[in-house]
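Below you'll find the structure, written out as structure tokens, and then a few comments.
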Amino acid sequence: MARRKKIYEGKAKILYEGPEPGTIVQYFKDDATAFNAEKKDVIDGKGVLNNRLSEYFMNGLNQIGVPTHFIRRLNMREQLVRSCEIVPLEVIVRNYAAGSMSKRLGIAEGTQLPRPIVEYCYKDDSLGDPLVTEEHIAAFGWASQQDMDDILSLALRVNDFMSGIMLAVGIRLVDFKIEIGRVFEGDYQRLIVADEISPDSCRLWDIESGQKLDKDVFRRDLGNLTDAYSEVARRLGVLPKSNVTKPTLIN
């Protein structure tokens, strides 16, 4: 079957026109990037794992009443999602200090925060996705105050859900980022969780050993990224325990 029309290609995914109006096919690539794409590689099987894991998380959110753009998985690398207008913000929820927060504030990595902290970055690769405040968001019209209230509520609900399922399999949810989309139903606007939720967009540490099971493995050259993602998938039951660590049955 001929490939559908490409809409957009990013660092980790390609978006194609969907089979029905208002839908998009989201294709997960094996490309890995870090430090605003200064570090790049192709990791065999990464896209397959992220597709399956994002399906797992998005389905779980839908089931508990947190709306997402996810409709269904189409094959090993593609899923059908609802078309939406992306709010130009990355929404970051932090439960423990790590990464840029540790560098900015001088807090040791792994320090538990007194409560989940929600941060916002303006989505612009050319600027390095800078950290912004709610004042910036309001002043430049990126989201209304009602939007921000709804975004905060969605982010904290995602955090509760993700923290719980990760804790149950011995993984600490250190932090994660999500994107939010707007959909319109007549004159009514609704905000939904969009893009993906995967080890690409989360920091996941083994509770006992502290082993990193996320993209920091690639950022910091800590081992095999596919092995780390496969371990997350195995613990969650997304991959059978007997599955090889590098799934290569593509499409």
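For the numbers below, each heavy atom of this structure counts, side chains included, while hydrogens, waters and symmetry mates do not. We're numbering straight along the sequence, starting at 1.
For the residue pair Q145 and D149, a side-chain donor N or O sits within less than 3.5 Å of a side-chain acceptor on the partner. Residues Q146 and D150 bring a donor and an acceptor atom of their side chains to less than 3.5 Å of each other.
In this structure, V158 and F176 have side chains that are in contact, with non-hydrogen atoms separated by less than 4.5 Å. Within the 4.5 Å cutoff, the side chain of L113 has no heavy atoms near those of the N95 side chain. Proximity of P67 to L154: side-chain heavy atoms (C-beta onward) are separated by under 4.5 Å at one or more points. Residues K215 and C202 have side chains not in contact (no heavy-atom distance under 4.5 Å, counting atoms from C-beta outward). Side-chain contact between I117 and M101 is present, with heavy atoms from C-beta onward closer than 4.5 Å.
By the side-chain contact (heavy atoms from CB on, under 4.5 Å) test, R182 is found to be paired with E85, V87, A143, D147, F184, Q189, L191, residues two or more places apart in sequence or in another chain being considered. With sequence neighbours excluded, the residues satisfying side-chain contact (heavy atoms from CB on, under 4.5 Å) with K11 are T33, N36, A37, D125. Every residue two or more places apart in sequence or in another chain that forms a side-chain contact (heavy atoms from CB on, under 4.5 Å) with E208 is listed here: D206. Annotation: side-chain contact (heavy atoms from CB on, under 4.5 Å) contacts of K39 (sequence neighbours excluded): A34, F35, F218, D221. Listed by chain and number, the residues in a salt bridge (Lys or Arg N to Asp or Glu O under 4.0 Å) with K212 amount to none (sequence neighbours excluded).
Salt bridge status for D216 with R219: present, with a side-chain N to carboxylate O gap under 4.0 Å. Between E196 and K29 there is no salt bridge, since no side-chain N of the basic residue sits under 4.0 Å from a carboxylate O of the acidic one. Taking 4.0 Å as the cut-off between side-chain N and carboxylate O, E55 and R73 count as a salt-bridged pair.
The two residues A194 and M58 make their nearest non-hydrogen contact at O-CE, 3.6 Å. Nearest heavy atom pair, residue S201 against residue I197, reads OG-CA, 3.6 Å. Of all non-hydrogen atoms in I180 and I178, the two that sit nearest each other are CD1-CD1, 3.9 Å. Shortest non-hydrogen contact noted between L80 and V25 is CD1-CG2, 4.2 Å. The two residues K46 and A12 come nearest to each other via the heavy atoms NZ-CB, 4.3 Å. The shortest non-hydrogen separation linking V217 to A228 is CG2-CB, 4.0 Å.
Between the side chain of D129 and the backbone N or O of C121 there is no donor-acceptor pair closer than 3.5 Å. For R235 (side chain) and V169 (main-chain N/O), a donor-acceptor pair under 3.5 Å exists by modelled atom type. The closest donor-acceptor contact from the side chain of T226 to the backbone of G45 lies at 3.5 Å or more, if one exists at all. Panel note: side chain S102, backbone I107; a donor-acceptor pair is recorded below 3.5 Å. Using modelled atom types, one side-chain atom of D30 and one backbone atom of G47 make a donor-acceptor pair closer than 3.5 Å. Using modelled atom types, one side-chain atom of H69 and one backbone atom of D195 make a donor-acceptor pair closer than 3.5 Å. Between the side chain of T23 and the backbone N or O of E20 there is at least one donor-acceptor pair closer than 3.5 Å.
Residue F28 is not grouped with residue V48 when hydrophobic side chains (ILVMFWY) are merged at heavy-atom distances under 4.5 angstrom, including chains of intermediate members. When the side chains of ILVMFWY residues are joined at heavy-atom separations under 4.5 Å, either directly or via intervening members, V91 and L156 end up in a single hydrophobic cluster. I14 and L53 fall into different hydrophobic clusters, where Ile, Leu, Val, Met, Phe, Trp and Tyr are joined by side-chain heavy atoms under 4.5 Å apart, directly or via other members. With hydrophobic clusters built from ILVMFWY side chains whose heavy atoms lie under 4.5 angstrom apart, I192 does not share a cluster with V118. L239 and M166 are members of different hydrophobic clusters when ILVMFWY side chains are connected at heavy-atom separations under 4.5 Å.
Note: R234 CZ to L49 CG = 13.0 Å, rounded to the nearest 0.5 Å. R4 contributes atom CZ, which lies 13.5 Å from atom OH of Y27 (distance to the nearest 0.5 angstrom). To the nearest 0.5 angstrom, M148 atom CE is 4.5 Å from E134 atom CD. In this structure, CD1 on I165 lies 12.0 Å from CG on D160, to the nearest 0.5 angstrom.
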Problem set entry | Audit row: Q79, N51, side-chain hydrogen bond (donor to acceptor under 3.5 Å, both in side chains) steps and yes/no | CA-CA 7 Å; Q79 53 185 236; N51 184 27; 2.8 Å; yes

For this session: Evaluate side chain to side chain contact (heavy atoms under 4.5 Å, CB included) for D31 paired with K40, printing each intermediate quantity in order.
Result: CA-CA 7 Å; D31 298 43; K40 301 178 184 179; over 6 Å; no

Exercise. So V132 and L89, side chain to side chain contact (heavy atoms under 4.5 Å, CB included) or not? Walk me through it.
Worked result: CA-CA 9 Å; V132 294; L89 300 170; 4.2 Å; yes

Exercise. Given the rule in the side chain to side chain contact (heavy atoms under 4.5 Å, CB included) test, do F140 and H136 qualify, once you have shown the distances and angles that lead to the verdict?
Worked result: CA-CA 6 Å; F140 296 116; H136 294 105; 4.2 Å; yes

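V42 belongs to no hydrophobic cluster with other residues, because no ILVMFWY side-chain heavy atom falls under 4.5 Å from its own, directly or through intermediates. Using a 4.5 Å cut-off between side-chain heavy atoms of Ile, Leu, Val, Met, Phe, Trp and Tyr, I207 falls into a hydrophobic cluster with L167. In this structure, V174 belongs to a hydrophobic cluster whose other members, linked by side-chain heavy atoms under 4.5 Å apart, are Y96, W205. Applying the under-4.5 Å side-chain rule to Ile, Leu, Val, Met, Phe, Trp and Tyr, the cluster around Y8 extends to I7, L15, I24, V81.
Screening residues 94-116 for salt bridge (Lys or Arg N to Asp or Glu O under 4.0 Å), with sequence neighbours left out, gives R94-E119, R94-D175, R104-E119, E109-R220. Within the structure, ring-ring contact (aromatic ring centres under 6.0 Å, His included) pairs that include any residue of residues 44-63 do not occur (at least two apart or interchain). For residues 105-129, the set of pairs meeting the ring-ring contact (aromatic ring centres under 6.0 Å, His included) definition, not counting sequence neighbours, comprises Y122-W142.
Around the CD atom of E185, the shell of radius 6.0 Å holds more than 12 heavy atoms that belong to other residues, nucleotides or ligands.
The side-chain hydrogen bond (donor to acceptor under 3.5 Å, both in side chains) with Y229 is formed by just one residue from the set D200, D214, N50; it is D200.
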